[in-house]
Asks: 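Below is the structure I would like to discuss, written out as structure tokens.
Hydrogens, waters and symmetry mates are skipped; everything else that's a heavy atom, side chains included, is used. Remember, it's a predicted structure, so these values are computed and weren't measured experimentally.
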Amino acid sequence: RFDLVHVIESRPTAIYPARYLQWRGVPLVMDWCDWFGRGGSVEERPNPFVRAILRPVETYFEEHHRTKADANVVICTTLWRKALALGVPAGQLRLIPVGADPDTWRSIPTEVARRLTGLPTDALVIGYVGSIFRRDAALMARAFDAVRARVPGSVLLVAGYCPVDLRALVQHPAAVVQTGPLPTQELNEYLAASDIFWLPLNDSNANRGRFPLKLRDYMAMGRPIVATAVGDVPELFEEEPMGVLCEPNAESLAERTVELALDPDRRRRLGQHARHLAETRFRWATLTLDLESWYQDILRARRP
């Protein structure tokens, strides 16, 4: 007895129950958070046999039901354009970006976090959190080697679950701290120990067709971000001074990182603005007001 169903996934276990409820008269809102199918993240799978099997399946479930929903929420402009190309009317589309959770992710002083985590107090610590595509991991490893050559003693912190062992990709494995999965409080402490956060994305459809959740976590931690200019990130960084952009290659990522590492005042200003955005414009509680208002519009259109 639902008023409305908002389905986050379009794969069978989610979309078929949702379409059944829609058939029973419940309005259906579909989310589109990543480009999974042909041309998208399925192409990042290393096993060619798995890619060949999943490509048509992912594509079908990702695209087939879009025009049948009462409304679609997309996470980035690439998916907005794809939805329009599939025939979704613009009036039934809403772009809602990823939100931040500043109440969970607390910005604590770096020196306190270093004591809690045991990370060196006098080193440049570059932070990264969560999963990563293998090609992006290779880009990050090359960039870290270049940074380490110019800033000896630098540390690459890979916090939380990550499917790629970065230590096997860099020239100085001992300079990589890879924590594995952590409870929220410990993860918060490790992230707060970072001086700079990295968002190393290759210029691929998989990266243009998503908006990394980790970016909002970085903002909430109040640290500056060095990000490759891919997808919706460049426009956001041009609007809001919370980090610096670089070309999607290791040399540019390393160069901009070293520039920022040598300018602590700029790091502080960028980090403060990032935290401010997490507490205001991109707080989930703010973004969901817009979503709830749209739900009411959909219900009024169904039940005048």
Asks: Less than 4.5 Å apart, any side-chain heavy atom of Leu201 and any of Pro212?
Replies: yes

Asks: Honestly curious: do Tyr16 and Val26 fall in one hydrophobic cluster under the side-chain, below-4.5 Å linking rule?
Replies: yes

Asks: Under 3.5 Å, is there a donor-acceptor pair between the Trp35 and Ser41 side chains?
Replies: no

Asks: Is there a path from Val73 to Val5 through hydrophobic residues (I, L, V, M, F, W, Y) whose side chains come within less than 4.5 Å of each other?
Replies: no

Asks: For residues 135-149, please give each side-chain donor-acceptor pair under 3.5 Å, one per line with the distance, not counting sequence neighbours.
Replies:
residue: Arg135; atom: NE; partner: Glu44; partner atom: OE1; Å: 3.4
residue: Arg135; atom: NH2; partner: Glu44; partner atom: OE2; Å: 2.9
residue: Asp136; atom: OD1; partner: Asn202; partner atom: N; Å: 2.9
residue: Asp136; atom: OD1; partner: Asn202; partner atom: ND2; Å: 2.7
residue: Asp136; atom: OD1; partner: Asn207; partner atom: ND2; Å: 3.4
residue: Asp136; atom: OD2; partner: Asn207; partner atom: ND2; Å: 3.1
residue: Asp145; atom: OD1; partner: Gln171; partner atom: N; Å: 2.9
residue: Arg148; atom: NH1; partner: Ser154; partner atom: O; Å: 2.7

Asks: Hey, does the side chain of Gln178 reach the backbone of Leu166 with a donor-acceptor pair shorter than 3.5 angstrom?
Replies: yes

Asks: Give the cluster check for Leu28 versus Ile96: same hydrophobic cluster or not, with ILVMFWY residues linked at side-chain heavy-atom distances below 4.5 Å.
Replies: no

Asks: When you measure from the side chain of Thr59 to the backbone of Gly37, do you find a donor-acceptor pair of N or O atoms at a distance under 3.5 Å?
Replies: no

Asks: Please say yes or no: joined through hydrophobic side-chain contacts below 4.5 Å, possibly via intermediate residues, are Ile225 and Ile108 part of one cluster?
Replies: no

Asks: Please say yes or no: joined through hydrophobic side-chain contacts below 4.5 Å, possibly via intermediate residues, are Leu236 and Leu277 part of one cluster?
Replies: yes

Asks: Is Glu247 salt-bridged to Arg256, cutoff N-O under 4.0 Å?
Replies: no

Asks: Side chain to side chain contact (heavy atoms under 4.5 Å, CB included) between Leu54 and Arg45: does it pass, once the steps are laid out?
Replies: CA-CA 10 Å; Leu54 289 181; Arg45 292 180 178 271; 3.4 Å; yes

Asks: Measure from the side-chain N and O atoms of Tyr218 to the backbone N and O of Trp198, and report whether any donor-acceptor pair falls under 3.5 Å.
Replies: yes

Asks: Is any NZ, NE, NH1 or NH2 atom of the basic residue among Arg283 and Asp103 found under 4.0 Å from an Asp or Glu carboxylate oxygen of the other?
Replies: yes

Asks: Please lay out, stage by stage, how Val244 and Phe237 fare under the test side chain to side chain contact (heavy atoms under 4.5 Å, CB included).
Replies: CA-CA 7 Å; Val244 296; Phe237 273 49; 5.9 Å; no

Asks: Is the shortest heavy-atom distance from the side chain of Arg19 to the side chain of Lys68 under 4.5 Å?
Replies: yes

Asks: Looking at Pro248 and Val230, what are the two nearest heavy atoms and their distance?
Replies: CB-CG2, 4.0 Å

Asks: Just wondering, do Pro12 and Phe61 contact through their side chains at under 4.5 Å, heavy atoms?
Replies: yes

Asks: Set out, in order, the CA-CA distance, both residues' side-chain angles and the distance that settles side chain to side chain contact (heavy atoms under 4.5 Å, CB included) for Lys82 and Leu79, then state yes or no.
Replies: CA-CA 5 Å; Lys82 282 182 66 65; Leu79 295 179; 4.1 Å; yes

Asks: Would you say the side chains of Asp70 and Gln22 form a donor-acceptor pair under 3.5 Å?
Replies: yes

Asks: I'd like to know if Glu43 pairs up with Arg55 as an ion pair, taking the criterion as any Lys NZ or Arg NE/NH1/NH2 lying under 4.0 Å from an Asp or Glu carboxylate oxygen.
Replies: yes

Asks: Could you tell me whether the side chains of Arg223 and Thr110 share a donor-acceptor contact shorter than 3.5 Å?
Replies: yes

Asks: Using a strict threshold of under 4.0 Å (side-chain N to carboxylate O), is an ion pair present between Glu255 and Arg150?
Replies: no

Asks: Considering non-hydrogen atoms only, spot the tightest contact between Thr228 and Pro200 and give its length.
Replies: OG1-C, 4.0 Å

Asks: Given side chains that start at C-beta, do those of Trp105 and Leu187 come closer than 4.5 Å, heavy atoms only?
Replies: yes

Asks: Cation-pi check, Arg11 to Phe36: give yes when NZ or CZ is under 6.0 Å from the six-membered ring centre and within 45° of the ring axis, no otherwise.
Replies: yes

Asks: Grab the two heavy atoms, one from Ala113 and one from Glu189, that are nearest each other, plus how far apart they are.
Replies: CB-O, 3.3 Å

Asks: Using modelled atom types only, decide if a donor and an acceptor are shared between the side chain of Arg106 and the backbone of Ala192 within a distance under 3.5 Å.
Replies: no

Asks: Is it true that atom CD of Glu239 has more than 12 heavy atoms of other residues, nucleotides or ligands lying nearer than 6.0 Å?
Replies: yes

Asks: Side chains of Thr257 and Ile126: closer than 4.5 Å at any heavy-atom pair?
Replies: yes

Asks: What are the two closest non-hydrogen atoms of Met30 and Ser10, and how far apart are they?
Replies: CE-CB, 3.8 Å

Asks: For Leu93 and Leu84: C-alpha separation, side-chain torsions, deciding distance, then whether side chain to side chain contact (heavy atoms under 4.5 Å, CB included) applies.
Replies: CA-CA 9 Å; Leu93 265 177; Leu84 290 176; 3.7 Å; yes

Asks: Please tell me if the side chains of Cys76 and Leu95 come closer than 4.5 Å, counting only heavy atoms from C-beta onward.
Replies: no

Asks: Are more than 12 heavy atoms from other residues, nucleotides or ligands located less than 6.0 Å from atom CD of Glu111?
Replies: yes

Asks: Which distance, rounded to the nearest 0.5 Å, do you find between the CG of Asp34 and the OG1 of Thr78?
Replies: 11.5 Å

Asks: What pair of heavy atoms forms the shortest contact from Leu86 to Trp32, and how long is it?
Replies: CD1-CH2, 3.9 Å

Asks: For Pro224 and Leu260, which heavy atoms make the closest approach, and how far apart are they?
Replies: CB-CD2, 3.9 Å

Asks: Side chains of Gln272 and Arg269: is there a donor and an acceptor less than 3.5 Å apart?
Replies: no

Asks: Donor-acceptor pair, distance only, cut-off 3.5 Å: does the side chain of Ser194 make one with the backbone of Val125?
Replies: no

Asks: Measure from the side-chain N and O atoms of Arg66 to the backbone N and O of Ala83, and report whether any donor-acceptor pair falls under 3.5 Å.
Replies: no

Asks: About how many Å separate CG of Leu213 and CD1 of Ile75, when rounded to the nearest 0.5 Å?
Replies: 6.0 Å

Asks: Start with the C-alpha gap between Glu58 and Arg38, add the side-chain angles, then the distance that decides, and say whether salt bridge (charged side-chain N to carboxylate O under 4.0 Å, His left out) holds.
Replies: CA-CA 7 Å; Glu58 291 276 31; Arg38 184 177 294 106; over 6 Å; no

Asks: Using modelled atom types only, decide if a donor and an acceptor are shared between the side chain of Thr179 and the backbone of Gly160 within a distance under 3.5 Å.
Replies: yes

Asks: With a 4.5 Å cut-off on side-chain heavy atoms, are Val7 and Val29 touching?
Replies: no

Asks: Please check if the number of heavy atoms outside Arg94 that lie under 6.0 Å from its CZ is greater than 12.
Replies: yes

Asks: Pairing donors with acceptors under 3.5 angstrom, does anything connect the side chains of Thr77 and Asp232?
Replies: yes

Asks: Look at the aromatic rings of His273 and His276 and report parallel, tilted or perpendicular, splitting at 30° and 60°.
Replies: tilted

Asks: Does any non-hydrogen side-chain atom of Val226 lie less than 4.5 Å from one of Phe197?
Replies: no

